[in-house]
Amino acid sequence: MRINKYLSKAGIASRRAAETLILEGRVKVNGEVITELGTIVNEDADEVLFDDKTVKPVEEYVYIILNKPSGYLVTCKDEFNRPKVTDLLGKYGRVAKPVGRLDLDSSGLLLLTNNGEIAFRLSHPKYKINKKYLVKCEGFLNDEKIGKLSDGIKLDDGKTWPAAVEIISRTDNFTKIYMTIHEGRKRQIRRMCQALGHNVRSLSRVNYGDLDLGNLKSGSYRLLKEAEIKQLKVSVGYEKS
C-alpha cells in the first residue's frame with residue numbers, strides 16, 4: 001500500500017494532504033524518516049509513525065453529527081484544557097475529527113469522521129457543499145444590504161461567493177435571516193455582516209449538505225445512517241449514486 005493511502009486510511013489526512021506531511025519529514029517507516037511519496041508499506045509487517053506516534057489503518061469508519069453548543073472549541077487538542085467538541089462524543093472522542101470549522105461562539109451542526117479522504121473533500125470548495133445558518137444580526141438589515149450579501153461581499157481575503165439569503169424577521173433592533181454558503185472561510189458570515197455594519201449576535205448551522213439536526217438536542221450527537229453516509233460520499237464524488 002502506498003504510504004499516502006496508508007495515512008489516509010489511518011484517518012491522519014487525505015491522500016493529497018498526507019503527501020505534504022511526508023515531504024515535511026513527519027512520517028517514519030520502521031524508525032526511518034521517509035520523504036519518497038511512492039513508498040510502499042506492508043500494513044501487517046511495517047511500523048508507521050506520524051509525529052513519532054504509531055498509526056494504523058482504521059478498521060471501521062464512523063460518521064457523526066453533533067449539535068455543537070457555543071463555548072466549545074472545534075479541535076481535538078487544546079493546550080489550555082478548554083472545552084472541546086470531542087469531549088461530547090463519549091467513546092468516539094478519540095476517534096472522530098471535526099470536518100471544517102465552527103467558531104467557538106457559534107453553535108449547530110458539526111460533522112465529524114475518521115475518514116480523512118471524505119473530510120478533505122467535504123472541506124474542499126471544489127465540491128460546493130452548501131451549509132445553511134440561522135443568523136441574528138444587530139439592527140435592521142435592509143433590502144439593499146440583503147442584496148449585497150446575496151451577490152457576495154468583498155473581504156480582506158477576496159470577494160465571497162454569492163449567498164442564498166432568506167429573511168425570517170426584521171425590527172429596528174435585530175434581523176434574523178437564513179444564509180446558505182458553500183465556502184468555509186474563517187468567521188466568514190460574521191465578517192460579511194460586519195462589512196455591512198451589522199454585528200452578529202448569534203450564529204447556528206442548521207444544515208450541512210443534505211444533513212440536518214432534526215430533533216438533536218444541543219450537546220448531543222448521533223451516528224449517521226447508512227443512507228446518509230451513502231449520500232455524503234456521492235456528494236463529493238467518493239461513490240457513484
Side-chain angles (χ1 to χ4, degrees), residues 1-66 68 72-104 110-127 129 157 183-187 208 221 223-224 229-230 232-240:
M1 182 187 303
R2 285 173 63 96
I3 185 62
N4 62 339
K5 182 178 180 180
Y6 184 101
L7 293 171
S8 176
K9 288 187 67 177
I12 300 300
S14 70
R15 296 188 195 186
R16 184 178 301 176
E19 292 179 352
T20 300
L21 301 177
I22 295 164
L23 294 174
E24 290 174 348
R26 299 172 65 183
V27 179
K28 294 180 181 179
V29 176
N30 299 326
E32 299 292 331
V33 174
I34 59 105
T35 55
E36 175 57 51
L37 299 180
T39 298
I40 302 297
V41 294
N42 183 326
E43 59 182 301
D44 296 320
D46 293 326
E47 181 186 34
V48 177
L49 291 87
F50 171 66
D51 287 346
D52 292 320
K53 294 182 179 180
T54 300
V55 294
K56 294 183 179 295
V58 175
E59 294 183 3
E60 182 179 2
Y61 290 126
V62 296
Y63 305 85
I64 295 171
I65 286 180
L66 169 70
K68 174 193 175 299
Y72 279 76
L73 291 169
V74 178
T75 185
C76 297
K77 297 180 181 179
D78 179 61
E79 59 181 319
F80 302 108
N81 201 31
R82 291 171 293 183
K84 310 180 298 297
V85 291
T86 49
D87 297 337
L88 301 169
L89 300 182
K91 67 179 182 180
Y92 299 110
R94 295 183 180 181
V95 177
K97 298 179 180 179
V99 177
R101 57 169 63 95
L102 201 55
D103 301 333
L104 174 69
L110 182 67
L111 186 63
L112 304 98
T113 183
N114 57 348
N115 188 325
E117 185 65 30
I118 290 293
F120 173 77
R121 294 190 184 204
L122 286 169
S123 302
H124 199 291
K126 168 185 175 181
Y127 296 99
I129 303 299
D157 54 353
E183 292 181 281
R185 304 189 200 183
K186 188 175 182 179
R187 300 180 70 84
Y208 194 113
Y221 72 91
L223 298 177
L224 264 63
I229 296 171
K230 171 71 174 180
L232 199 66
K233 291 179 177 178
V234 169
S235 69
V236 293
Y238 192 83
E239 285 187 4
K240 295 183 179 180

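Numbers for residues simply follow the sequence, beginning at 1.
Considering CD1 of Ile40 and NZ of Lys5, their distance stands at 10.0 Å, rounded to 0.5 Å. For the atom pair CG (Leu89) and CZ (Arg94), the distance works out to 12.5 Å, reported to the nearest 0.5 Å. Interatomic distance, Ile129 CD1 to Leu232 CG, rounded to the nearest 0.5 Å: 7.5 Å. Here the CG atom belonging to Leu224 is positioned 4.5 Å from the CD1 atom belonging to Ile65, to the nearest 0.5 angstrom. The line from CD1 of Ile64 to NZ of Lys97 is 13.5 Å long, rounded to the nearest 0.5 Å. With rounding to the nearest 0.5 angstrom, the CG atom of Asp78 is 5.0 Å from the CG atom of Leu73.
The two residues Arg2 and Leu37 come nearest to each other via the heavy atoms NH2-O, 3.4 Å. The two atoms that bring Val62 and Thr113 nearest to each other are O-OG1, 2.7 Å, heavy atoms only. Minimum heavy-atom separation, Leu104 to Lys68: O-NZ, 3.2 Å. Nearest approach of Val236 to Tyr127, heavy atoms of both residues: O-CE2, 3.0 Å. Between Lys186 and Arg101, the closest heavy-atom pair is N-NH1, 3.4 Å. Scanning all heavy atoms of the two residues, the minimum distance from Ala96 to Leu112 falls at CB-CB, 3.8 Å.
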Run Ile22 and Thr39 through side-chain contact (heavy atoms from CB on, under 4.5 Å) and show every step you take. CA-CA 10 Å; Ile22 295 164; Thr39 298; over 6 Å; no
Check step by step if side-chain contact (heavy atoms from CB on, under 4.5 Å) holds for Val99 and Tyr208. CA-CA 11 Å; Val99 177; Tyr208 194 113; 3.5 Å; yes
Any chance you could lay out the side-chain contact (heavy atoms from CB on, under 4.5 Å) test for Leu7 and Val48, step after step, and finish with the verdict? CA-CA 9 Å; Leu7 293 171; Val48 177; 4.3 Å; yes
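Proximity of Leu223 to Tyr92: side-chain heavy atoms (C-beta onward) are separated by under 4.5 Å at one or more points. Counting only heavy atoms from C-beta outward, the side chains of Tyr221 and Leu88 never approach each other to under 4.5 Å. Contact of the Val55 side chain with the Val27 side chain is not registered, since no non-hydrogen atoms from C-beta on lie closer than 4.5 Å. You'll find the side chain of Met1 reaches within 4.5 Å of the side chain of Lys9, heavy atoms only.
For Asn30 (side chain) and Glu47 (main-chain N/O), a donor-acceptor pair under 3.5 Å exists by modelled atom type.
Scored by the side chain to side chain donor-acceptor pair (under 3.5 Å) test, Glu183 finds Arg185, Gln188 as partners (sequence neighbours excluded).
The number of heavy atoms from other shown groups lying within 6.0 Å of NZ (Lys233) is above 12.
Applying the salt bridge (charged side-chain N to carboxylate O under 4.0 Å, His left out) test to every pair with at least one member in residues 22-33, sequence neighbours left out, gives these pairs: Glu24-Arg26, Arg26-Asp51, Lys28-Asp52.
Look at Glu117 and Arg121 and you find a salt bridge, because one of the NZ, NE, NH1 or NH2 atoms lies within 4.0 Å of a carboxylate O, short of that distance.
Using a 3.5 Å distance cut-off with no hydrogens or angles, the side chains of Asp87 and Tyr72 do not pair a donor with an acceptor.
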